[in-house]
Amino acid sequence: MTLPLVSHQSAQQSERTRDRLLLLLKERGMQCAAQLSEQLGLTQQGVRRHLLRLTEDGLIEASPGKPLGRGRVQQVYRLTEQGEARFPKSYPSLCVDILEHLQAEYGSDAVERVISARAQTAAQRMQTEWAPGLSLAERIEAVAHGFREAGYDSYTEESGEFYYLTHRNCPHLTVARQFMELCQSERAMIEHLLGTEVRSETRAATGACDCRYRIRKDGAAPAPMGRMPH
């Protein structure tokens, strides 16, 4: 009966060691196995086993470092984007803080203009990647692809007179909960890109499990890019 306990304790110890390795790479940047071994008080062989596991998990990556002589190249390790994501970020709270100060100093119109300008820039960037003459269905898929690239986990559906665009994830949920202008500008941007009526059916910012847009099929081709409508 002691074997499962020993195994569990060993697994916990290994997890703690890998967490310490990630923290060292976060605090000190690129490190080789020898440096990490010295700082943790472990053998290089043991450290390399943990580094291999972290690499397989996509949390760190290796790259060539200084030559060790006789053609040998020292490997150095650093955090990947996925590894960086293990550490808390304050970006959403910073963004909310900036918008609150902007609102206090210059009013709600200033917040709306800034968010609208951001949406217009995003729309222009998205359109530069489109082939000419896309159908409405193709434009919807292109829009969904653009949102997926931005981390929205978006997909499209078709039913009767409508298409539907759904985001299963909102990367800016913290901000959107306090500034509905973000959701309004997103809907306006999608409508502008597609050139047809777009209605917001659900919003994660108001408690729904996703953000869902209903898109009319009988829309005309999108108008040239100008000031983003509100």
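Values below: every heavy atom of this structure, side chains too, minus hydrogens, waters and symmetry copies. Starting from 1, each residue takes its place in the sequence as its number.
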Is [Y] reachable from [X] through a run of I, L, V, M, F, W or Y residues, each pair having side-chain heavy atoms under 4.5 Å apart?
X	Y	result
V198	Y164	no
L52	L22	no
I140	F162	no
L79	L36	yes
M189	I215	yes

Short question: side chain of [X], backbone of [Y] - any donor-acceptor pair under 3.5 Å?
X	Y	value
E138	S135	yes
D153	R148	no
T121	A117	yes

Heavy atoms only: give me the nearest [X]-[Y] pair and the separation to one decimal.
X	Y	result
R139	L134	NH1-O, 2.9 Å
A123	L193	O-CD2, 3.8 Å
R177	A205	CG-O, 3.5 Å
S37	Q44	OG-N, 3.4 Å
D19	R86	OD1-NH2, 3.4 Å
L51	A33	CD1-CB, 4.0 Å

Rounded to the nearest 0.5 Å, what separates atom [atom1] in [X] from atom [atom2] in [Y]?
X	Y	atom1	atom2	value
Q178	D97	CD	CG	10.0 Å
T174	L182	OG1	CG	11.0 Å
R53	D57	CZ	CG	5.0 Å
E15	Q13	CD	CD	11.0 Å
T166	R214	OG1	CZ	13.0 Å
S14	H50	OG	NE2	5.0 Å

Problem - Check against salt bridge (charged side-chain N to carboxylate O under 4.0 Å, His left out), R199 and E197 - result: CA-CA 7 Å; R199 297 278 182 168; E197 182 185 76; 3.3 Å; yes
How about [X] and [Y]: do any of their side-chain heavy atoms sit closer than 4.5 Å?
X	Y	answer
T196	E191	no
R113	Y106	no
V143	M126	yes
R203	C170	no

Exercise for the section: Using the side chain to side chain contact (heavy atoms under 4.5 Å, CB included) rule, take Q184 and E181 through it: C-alpha gap first, then chi angles, then the decisive distance, then the call. Expected result: CA-CA 5 Å; Q184 292 170 344; E181 292 91 343; 4.1 Å; yes
Exercise for the section: For atom CZ of R78, decide whether the heavy atoms of other residues, nucleotides or ligands shown that lie under 6.0 angstrom number more than 12. Expected result: no
Exercise for the section: For atom CD of Q45, decide whether the heavy atoms of other residues, nucleotides or ligands shown that lie under 6.0 angstrom number more than 12. Expected result: no
Handout entry: Test item: side-chain donor near acceptor, E141 and T156, under 3.5 Å
Key = yes
Practice task
Go through the steps to decide whether Q31 and Q39 satisfy the test side-chain hydrogen bond (donor to acceptor under 3.5 Å, both in side chains), and finish with yes or no.
Solution key: CA-CA 10 Å; Q31 301 273 299; Q39 292 169 83; 2.7 Å; yes
Handout entry: Verdict with reasoning, L165 to Y155, per side chain to side chain contact (heavy atoms under 4.5 Å, CB included)
Key = CA-CA 6 Å; L165 171 65; Y155 68 96; over 6 Å; no
Practice task
Walk me through it: do I60 and Y77 pass the test side chain to side chain contact (heavy atoms under 4.5 Å, CB included)?
Solution key: CA-CA 7 Å; I60 66 172; Y77 298 87; 3.8 Å; yes
Practice task
Could you please spell out the steps behind the salt bridge (charged side-chain N to carboxylate O under 4.0 Å, His left out) verdict for R212 and E157?
Solution key: CA-CA 10 Å; R212 181 177 172 88; E157 297 174 289; 3.0 Å; yes
Practice task
Would you please classify the geometry between the H167 ring and the F147 ring as parallel, tilted or perpendicular, with 30° and 60° separating the classes?
Solution key: tilted
Exercise for the section: Evaluate the side-chain hydrogen bond (donor to acceptor under 3.5 Å, both in side chains) criterion for residues Y213 and E186: first the C-alpha distance (whole Å), next the side-chain angles of each, then the deciding distance (0.1 Å), finally the verdict. Expected result: CA-CA 10 Å; Y213 295 101; E186 181 177 289; 2.6 Å; yes
Exercise for the section: Check the pair E100 / F179 against side chain to side chain contact (heavy atoms under 4.5 Å, CB included), numbers first and verdict last. Expected result: CA-CA 9 Å; E100 286 178 341; F179 291 93; 3.8 Å; yes
